[in-house]
Amino acid sequence: MFQLLEESPLFKNLNLDEIENLLLKTPYQFKQFKSKEIIAFAGERVEKAMLLMEGKLSGEMLDLSGNRLKIEEMEPPQMVASAFLYGPNNVFPVNLSALSDGKLLVIYKNDFTAMLTLEPKLLNNYLNIISGKAQFLSHKITFLSLKTIREKIAFYLLQKLEKDNPIINMDQNQTQLAGLMGVARPSLARTIAEMESENIIRWEKNQIHVINPDRLRRIKGLKD
């Protein structure tokens, strides 16, 4: 367990002895969950710090049409709802469900606060996590504000595109990508085919080749 925690951003730059010492001073428990189980509903209060130890979770919300929109997928050793543990409106912003069987490390809020005060490196790591989460949510809001599928694809690919490397390795198939974008899979496939015919991108198995990045930028800038 401690070796997995050592890989977590929360315990970055702490060695195994330091992590073990912190947990010896902090009450914690494990929560097992089953695939497809609802871990929390949007609007429920976040009263515990939770660290995903095993399995995979998905944060989803419903749009105005009742369609499921996937906000984020979480894998070990990621913190769950880290940005919503504190503050005046500390509630889950999305429904949290299990994509597989797994396990959470759970620490109640007061105990977690006490643990943060014991180790400055831990506090700094937590602040970095919630700052990163705020930036992620800012990007997500921008993404969701885009009106067309073409704009969503351009925004998504430009976020992943590395300088001097036109190939993007995809960890989602088209069905998963459609869920992430909150669109129907046939509509996404049709738009991708159109962009391929225009020599903007080419999708090959688990890779996307960006042929014309300038065109993608014009689409993202709503000039195309």
Side-chain angles (χ1 to χ4, degrees), residues 1-14 16 18-63 66 68-141 144 179-180 182:
M1 179 187 76
F2 295 114
Q3 289 179 334
L4 179 61
L5 291 177
E6 193 176 24
E7 299 172 9
S8 168
L10 180 63
F11 293 99
K12 182 179 179 181
N13 297 323
L14 276 75
L16 290 176
E18 290 172 320
I19 295 170
E20 185 173 4
N21 185 51
L22 281 170
L23 291 180
L24 285 173
K25 298 175 181 177
T26 305
Y28 67 89
Q29 58 187 267
F30 289 107
K31 174 181 170 56
Q32 304 280 347
F33 57 82
K34 296 291 186 182
S35 179
K36 299 183 181 180
E37 180 180 342
I38 301 298
I39 307 300
F41 289 99
E44 285 186 21
R45 295 193 70 82
V46 182
E47 298 177 330
K48 310 162 191 173
M50 294 178 288
L51 193 67
L52 185 58
M53 302 295 290
E54 297 175 9
K56 195 171 184 179
L57 300 176
S58 175
E60 297 180 338
M61 62 184 298
L62 297 178
D63 64 17
R68 287 186 177 182
L69 180 62
K70 186 175 292 183
I71 302 299
E72 183 181 13
E73 285 189 1
M74 287 154 273
E75 297 181 342
Q78 189 173 348
M79 279 198 77
V80 178
S82 55
F84 299 93
L85 182 59
Y86 298 96
N89 190 32
N90 60 321
V91 298
F92 285 94
V94 296
N95 294 329
L96 188 64
S97 59
L99 297 176
S100 65
D101 293 356
K103 180 169 65 176
L104 289 163
L105 174 68
V106 177
I107 303 174
Y108 278 90
K109 181 177 177 178
N110 289 341
D111 295 323
F112 184 70
T113 302
M115 187 171 73
L116 292 177
T117 64
L118 292 173
E119 175 52 70
K121 286 185 286 187
L122 188 74
L123 176 59
N124 184 69
N125 290 340
Y126 179 67
L127 292 174
N128 282 330
I129 289 171
I130 60 177
S131 294
K133 187 63 64 176
Q135 293 162 13
F136 165 80
L137 293 174
S138 175
H139 282 296
K140 197 71 179 183
I141 290 169
L144 294 176
L180 181 68

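No experiment lies behind these values; they were computed from the predicted model shown.
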Nearest atoms (heavy-atom pairs only) where Glu6 meets Leu16
OE1-CD2, 3.5 Å
Not counting sequence neighbours, list each pair that qualifies as a side-chain hydrogen bond (donor to acceptor under 3.5 Å, both in side chains) and has a residue in residues 74-100.
Arg45-Asn90, Lys56-Glu75, Glu72-Gln78, Tyr86-Thr113
Just do the side-chain contact (heavy atoms from CB on, under 4.5 Å) check on Leu123 and Thr117 with the steps written out, would you?
CA-CA 7 Å; Leu123 176 59; Thr117 64; over 6 Å; no
When rounded to the nearest 0.5 Å, the distance separating CE of Met79 from CG of Leu105 is 9.5 Å
Are side-chain heavy atoms of Met50 and Val106 found at a separation under 4.5 Å?
yes
Does any non-hydrogen side-chain atom of Leu22 lie less than 4.5 Å from one of Tyr28?
no
Given Val80 and Ile39, is the side-chain contact (heavy atoms from CB on, under 4.5 Å) satisfied, shown in steps?
CA-CA 11 Å; Val80 178; Ile39 307 300; over 6 Å; no
Kindly compute the distance separating OH (Tyr126) from CE (Met115), expressed to the nearest 0.5 Å.
10.5 Å
Nearest-0.5 Å distance that lies between atom CG in Leu85 and atom CD in Glu47
10.0 Å
Which pairs with one or both residues in residues 103-121 pass salt bridge (charged side-chain N to carboxylate O under 4.0 Å, His left out), sequence neighbours excluded?
Glu18-Lys121, Glu54-Lys103
Rounded to the nearest 0.5 Å, what separates atom CG in Leu122 from atom CG in Leu127?
10.0 Å
Quick one: closest heavy-atom pair of Ala98 and Lys34, and the distance?
CB-O, 3.2 Å
Where the side chain of Ser8 meets the backbone of Pro77, is there a donor-acceptor pair that is under 3.5 Å apart?
yes
Closest non-hydrogen contact found for Phe41 with Phe92 is O-CB, 3.7 Å
Output for pair (Leu5 CG, Leu51 CG), nearest 0.5 Å, gives 6.0 Å
Do Leu104 and Leu57 have side-chain heavy atoms sitting under 4.5 Å apart?
yes
Between Lys12 and Asn124, does a side-chain contact (heavy atoms from CB on, under 4.5 Å) hold up when you go through it step by step?
CA-CA 9 Å; Lys12 182 179 179 181; Asn124 184 69; over 6 Å; no
Contact summary for Gly43 and Val91, nearest pair of heavy atoms
O-CG1, 3.5 Å
Is there a side-chain contact between Asn125 and Leu14, using heavy atoms and a 4.5 Å cut-off?
yes
What heavy-atom pair brings Leu4 and Met53 nearest, and what distance separates the two atoms?
CD2-O, 3.2 Å
With Phe84, which residues qualify under ring pair (Phe, Tyr, Trp, His ring centres under 6.0 Å), at least two apart?
none
With a 4.5 Å heavy-atom cut-off, do Leu96 and Phe33 have their side chains touching?
no
Can you confirm whether more than 12 heavy atoms, excluding those of Gln29, are under 6.0 Å from its CD atom?
yes
For Ile107 and Thr26, work out which heavy atoms get closest and say how close.
CG2-CG2, 3.8 Å
